[in-house]
Amino acid sequence: MTARDPRPPDPAATTPSPSPSPGSGRPQLIADAAIRLLAERGMRGLTHRAVDEAAGLPPGSTSNLARTREALLETAVRRLAEREAAVLTPTDMPTGRPAHPTGPEGAAAGAEATGDGPEATGDGPEALAAALSLALHRYLSRHRQLLLARYELALEATRRPALREIYDRAGRAFREPMVAMLAAAGSTAPERHALTMVAWCDGVLFSCTAGQFHTSTPTRAELRTSCAELLTGMLQPREPER
């Protein structure tokens, strides 16, 4: 990657506490506050009392919804999956295939995506590269808070089997459509190629959020070029061995 955009403001530091909205309800408000706290303060900063304060709710509100710490973490994971589902909507994917099941924020995200969708259509590698680069750029430029919260929850899930199961179930909502899209793009080994693509996407997100490249964000064009190069290497026909 060459030229880079200046690093955008980190939403984890700039996004105000969630406020009630029609139809959102107290459970969603509490879950959003928990995600924000995970991004801002890490796992140690996530307490029932802190969530009450961040959500602007009376003391004890979070405990009434999620009595244990495990229940609070599970609430955060489920809400994180809903919010990540809105980063890339079905209309942004090749032939309309969703990267995630649609969540309650899908309509809002679709409106946000106007003028920001993939330039390529169809099932081929170009369309897939366009869609994946769009998702990566949206995460890095608009949704860093979600990434930071996800990393905190991923590490915690390694120590909590029940949380691991919920976390993995949410992850399958991205992995399984990736297999289908790669197969449609011509992959002869879609399961293996999906592992490569998901690992590459996760690596880019982590490197540009918490790793060596955290001070700058790749441009959408750079991400698309890198993604296309990887897909081309995987999907091009190989000459038979002699």
Side-chain angles (χ1 to χ4, degrees), residues 1 77-90 92-103 106 109 113 117-118 120 122-158 163-214 217-218 220 222-236:
M1 297 181 181
V77 168
R78 290 191 177 95
R79 178 59 178 154
L80 181 67
E82 289 178 352
R83 292 180 61 178
E84 289 194 322
V87 174
L88 201 63
T89 63
D92 296 321
M93 296 306 297
T95 63
R97 290 189 184 88
H100 309 272
T102 54
D123 285 318
E126 289 186 4
L128 186 51
L132 291 177
S133 63
L134 174 62
L136 292 172
H137 194 260
R138 282 184 184 170
Y139 269 117
L140 294 172
S141 60
R142 306 180 191 179
H143 302 289
R144 298 175 80 93
Q145 183 185 95
L146 299 184
L147 292 172
L148 292 171
R150 187 209 297 176
Y151 300 144
E152 292 284 343
L153 290 165
L155 288 174
E156 188 67 15
T158 64
L163 186 64
R164 178 86 265 170
E165 182 179 352
I166 295 172
Y167 187 93
D168 289 348
R169 190 184 311 134
R172 285 195 293 272
F174 177 80
R175 188 173 70 248
E176 291 172 356
M178 177 72 80
V179 173
M181 288 186 291
L182 283 165
S187 170
T188 57
E191 290 280 354
R192 178 167 58 82
H193 289 160
L195 170 60
T196 300
M197 287 305 305
V198 171
W200 179 79
C201 290
D202 282 345
V204 168
L205 292 174
F206 183 85
S207 295
C208 295
T209 303
Q212 293 294 315
F213 297 94
H214 69 94
T217 299
R220 167 85 188 283
E222 288 175 325
L223 291 167
R224 181 170 179 171
T225 297
S226 296
C227 187
E229 289 171 346
L230 183 58
L231 285 167
T232 298
M234 288 194 302
L235 301 180
Q236 66 182 359

Residues V77, R169; criterion side chain to side chain contact (heavy atoms under 4.5 Å, CB included); working and verdict
CA-CA 10 Å; V77 168; R169 190 184 311 134; over 6 Å; no
Could you walk me through whether Q145 and R83 pass the side chain to side chain contact (heavy atoms under 4.5 Å, CB included) test, one step at a time?
CA-CA 11 Å; Q145 183 185 95; R83 292 180 61 178; 3.7 Å; yes
Kindly indicate, with the supporting measurements, whether the criterion side chain to side chain contact (heavy atoms under 4.5 Å, CB included) is fulfilled by L231 and M234.
CA-CA 5 Å; L231 285 167; M234 288 194 302; 3.9 Å; yes
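Contact detail for H214 and R144: the closest heavy-atom pair is O-NH2, 3.6 Å. Nearest heavy-atom pair across G124 and A185 is C-CB, 4.2 Å. Between A157 and R164, the closest heavy-atom pair is O-CB, 3.4 Å. Closest non-hydrogen pair, A129 versus C227, comes out as CA-SG, 3.7 Å. F174 approaches V198 most closely through the heavy-atom pair CE2-CG2, 3.6 Å.
Rounding to the nearest 0.5 Å gives a distance of 7.5 Å between CH2 of W200 and CG of L132. Here CD of E84 is found 3.5 Å from OH of Y139. Values are rounded to the nearest 0.5 Å. Atom CG of residue L163 and atom CG of residue D168 lie 9.5 Å apart, to the nearest 0.5 angstrom. Here the straight-line distance linking atom CG of D202 with atom CE of M197 works out to 10.5 Å at 0.5 Å rounding. Rounding to the nearest 0.5 angstrom, the gap separating the CG atom in L136 from the CZ atom in R224 is 13.0 Å. To the nearest 0.5 Å, atoms CG (L182) and OG1 (T188) are separated by 10.5 Å.
The backbone N or O of A130 lies less than 3.5 Å from a partner atom in the side chain of R220, making a donor-acceptor pair. Remark: the backbone N or O of V87 is paired with a side-chain donor or acceptor of R138 at under 3.5 angstrom. A distance-only check finds no donor-acceptor pair linking the side chain of S226 to the backbone of L223 [under 3.5 Å].
Side-chain contact between C208 and T217 is absent, with no heavy-atom pair separated by less than 4.5 Å.
Y151 is linked by a side-chain contact (heavy atoms from CB on, under 4.5 Å) to L147, L205, F206, T209, counting only residues two or more places apart in sequence or in another chain. Taking R78 as the reference, E74, I166 meet the side-chain contact (heavy atoms from CB on, under 4.5 Å) condition, with sequence neighbours excluded.
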